[in-house]
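Note on naming: letters A, B, ... go to the chains in the order of the sequence lines (proteins, then strands), and numbering restarts at 1 for each one.
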There are 2 protein chains.
Amino acid sequence: MPITIKDIASELNVSATTVSRALKNDARISVEVREKVKKSAAKMGYRPNLMAKSLVSSRTDAIGLLVDNLSWSFFSELAERVQNAAEKHGYSVFIYSSQKSAGLEKAGVERFMSRGIDGLLVYATEKEENRAFYSELDKLGIPVLFFNHFLRMDVNCVTTDDYDGTIQAIRHLGSLGHRRIAYVGSGEESSFKQQRLAGYRDGLNELGVEASPHWIGLEEDDPAYGYRKVKAWLAAPADERPTAVFAQNDMLAFGIYRAAAEAGLRVPDDLSVIGFDDLDVCQLMHPPLTTVRIPLKQLAEAAIRFMLDRFAAEAGGEAVRLKTTLSPSLIIRQSTAPLKQ
Amino acid sequence: MPITIKDIASELNVSATTVSRALKNDARISVEVREKVKKSAAKMGYRPNLMAKSLVSSRTDAIGLLVDNLSWSFFSELAERVQNAAEKHGYSVFIYSSQKSAGLEKAGVERFMSRGIDGLLVYATEKEENRAFYSELDKLGIPVLFFNHFLRMDVNCVTTDDYDGTIQAIRHLGSLGHRRIAYVGSGEESSFKQQRLAGYRDGLNELGVEASPHWIGLEEDDPAYGYRKVKAWLAAPADERPTAVFAQNDMLAFGIYRAAAEAGLRVPDDLSVIGFDDLDVCQLMHPPLTTVRIPLKQLAEAAIRFMLDRFAAEAGGEAVRLKTTLSPSLIIRQSTAPLKQ
DNA sequence: TAATCTAATGCGAACGTTCGCATAAAAAAT
DNA sequence: ATTTTTTATGCGAACGTTCGCATTAGATTA
């Protein structure tokens, strides 16, 4: 069975306390003993039992990450960054995928809490029925940080400026001469979607164009919707088609490529496409996708930094609300081109 | 501070033992007391402290999952399935991404162990230098299961029959009339790659074709390699080009689509492409990718089942080695077509 | 009515740590 | 030589559970 501190202690004829202290380099223990203990620990294959440590310190050095669906590239790329950032500071990450279910979202938090986590990171579904639940997460007694916007909610957030990112995208299309710019997305239930839509509207206004409801597709929350919706638009006569499409996320852009190809149109010559997220696959697509990059690494690092700060503060005065917004950047690749005359 | 069993005990003027037993429906506690305790627990917001429970039971109800890189769709889709399957049985999943580094692979296991996990699931990099390390994982004292093949290694494995999957793919291409079939992949260091390559060779043999080294690309381990390699092949005169390409994984297929497009060729009319894995994106590609499906859900469920069995056995006689192989299935979509005359 | 049995509950130790508060020995100061 | 200081170590409780072994009270039997 696993080696404990006591095994080392009796091996060396010292107390468990001494071993415990020696292992954490406590100055009270003489250097020789410290060395001796560490050597034995290594030789005997000692592994500290974090369960026991946690029980006394009531800290687990683990962070919970709740996401919509881990199999979606956006979330897994985020999770990877979060894990890396956490690991760097000695924290482990528990991941729970809510599968977009409000119920599982609650169950996940419940599980996290009894498992014992020091902090909670959430990318929530923003389901209406879980609204109250989100704001109550604060009462869990551990730091909670959202990757959601939740503008009007009194919670901690680290987010990207979706509005700004979308404006950048529309301006880019505008500068290429496009005016008939469509929007493909899904619903308005979550704040990032609202912001991207608002950015789209205002971006068009800047170009002196009024957004037409006809060219805003929001009906379904499915990556394949991009295909269906754009296919319908492209069925119209040439002068009634959009010349560029803004996709609310990169996955939708896939379907748009397909719709274009099936309509006999080329991207970007006949149709410019712009995405949002900058997933790894964007570079592999043909043509490589112009998109708005969400700085996932910085987002993850800011999140972990927030946690570390809160852990350090620990009752050190009232912790103030954090609302951090990172700037997205437009990554121009080859899916956008000047409007053909 | 969090509610403990003692809080409930003093609230109800019973002992902590009684509360503990009542909560797990121990028949020794009268029904009335059981109900009373449960009611109070719910009202007071009691959450069992799994740390404490673990300390005494030395079980954590957590499983570790070690993968190459969580941000790759294949691994994240697998992780999602594993998480779902584990959750169903009350187990949590700790994910650690080794980032394809042999060192981090070891560090991850170290971390898992001191954190305390009941079982370990591994998708290893198969780096030569970690060979010994893999076989020693057995000595950790917990069940260990690999998603790798490790044919000649004495470890537990749940895998897909990569050889068979590839044969199916080649047969499919053969039945469409293709004979000049190329292979794009990376190295031969890991067993699944060896198997796919062997399947390719034997599949060609069945068609009466000898595999030509010229049409086997293995130089780089990078999704963009599919693009580069196929682009080179397609630069040759028409009758010296492959008419179909087998991609060792779906991601490579992306680049192949691009190479084809840039060479002015259409998929599947001028070039058939077949992938491996069946990632979610396959359906979104244009054209939707014909591919060999790895049954991730079944793989994950088999893995969890294995764990549950081992937990239940618990010193119940010598546990026998498990080598489970699930059958992949060919998913025919629209990236393969009959050879043009 | 005393002895035995059953049902319901409680006591106290244990799991592997950490930490406050001794204690002991050696060194320094008086 | 005695007191004070310093240095190094140990004791025992605590964290929140679980579990073996009492203990108590009421019911049953002789």
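Remark: C1' of C:dT17 and CG of A:L50 are 10 Å apart, rounded to the nearest angstrom. Summarising the geometry, the separation between CE on A:M51 and P on D:dC15 is reported as 19 Å, rounded to the nearest angstrom. The distance from atom CD1 of A:I8 to atom C1' of D:dG10 is 17 Å, rounded to the nearest whole Å. Here D:dT17 presents its C1' atom at 6 Å from CD1 of B:I5, a figure rounded to the nearest Å.
The side chain of A:Y46 approaches C:dT17 more closely than any other nucleotide in the set D:dG10, D:dT9, C:dT17. The B:V33 side chain lies nearest to C:dT9 when the options are C:dG16, C:dT9, D:dT17.
Nearest-nucleotide assignment on DNA chain C puts the 5′-proximal partner with B:I29, out of B:A52 and B:I29.
Taking side-chain N and O atoms only, A:T4 has no distance below 4.0 Å to OP1 or OP2 of C:dG16. Applying the 4.0 Å criterion to OP1 and OP2 of C:dG10, one finds that B:T18 has a side-chain N or O inside that range. A:K53 has no side-chain polar atom (N or O) that falls below the 4.0 Å cut-off from OP1 or OP2 of C:dG16. Checking the phosphate oxygens (OP1, OP2) of C:dT18, a side-chain nitrogen or oxygen of A:S20 falls inside 4.0 Å.
In this structure, B:R59 satisfies the cation-pi test against B:F311, with its NZ or CZ atom closer than 6.0 Å to the six-membered ring centre and inside 45 degrees of the ring normal.
A donor-acceptor contact under 3.5 Å is formed by the side chain of A:R21 with the base of C:dG20. Residue-to-nucleotide contacts include a donor-acceptor pair under 3.5 Å from the side chain of B:T17 to the base of C:dG12.
Here A:I29 contributes atom CD1 and A:L23 contributes atom CG; the two are 10.0 Å apart, rounded to the nearest 0.5 Å. The CE atom of B:M307 sits 4.5 Å away from the CG atom of B:L121 when rounded to the nearest 0.5 Å.
Note on ring orientation: taking the six-membered ring where Trp is involved, the planes of B:Y134 and B:F150 are tilted (angle from 30° to 60°).
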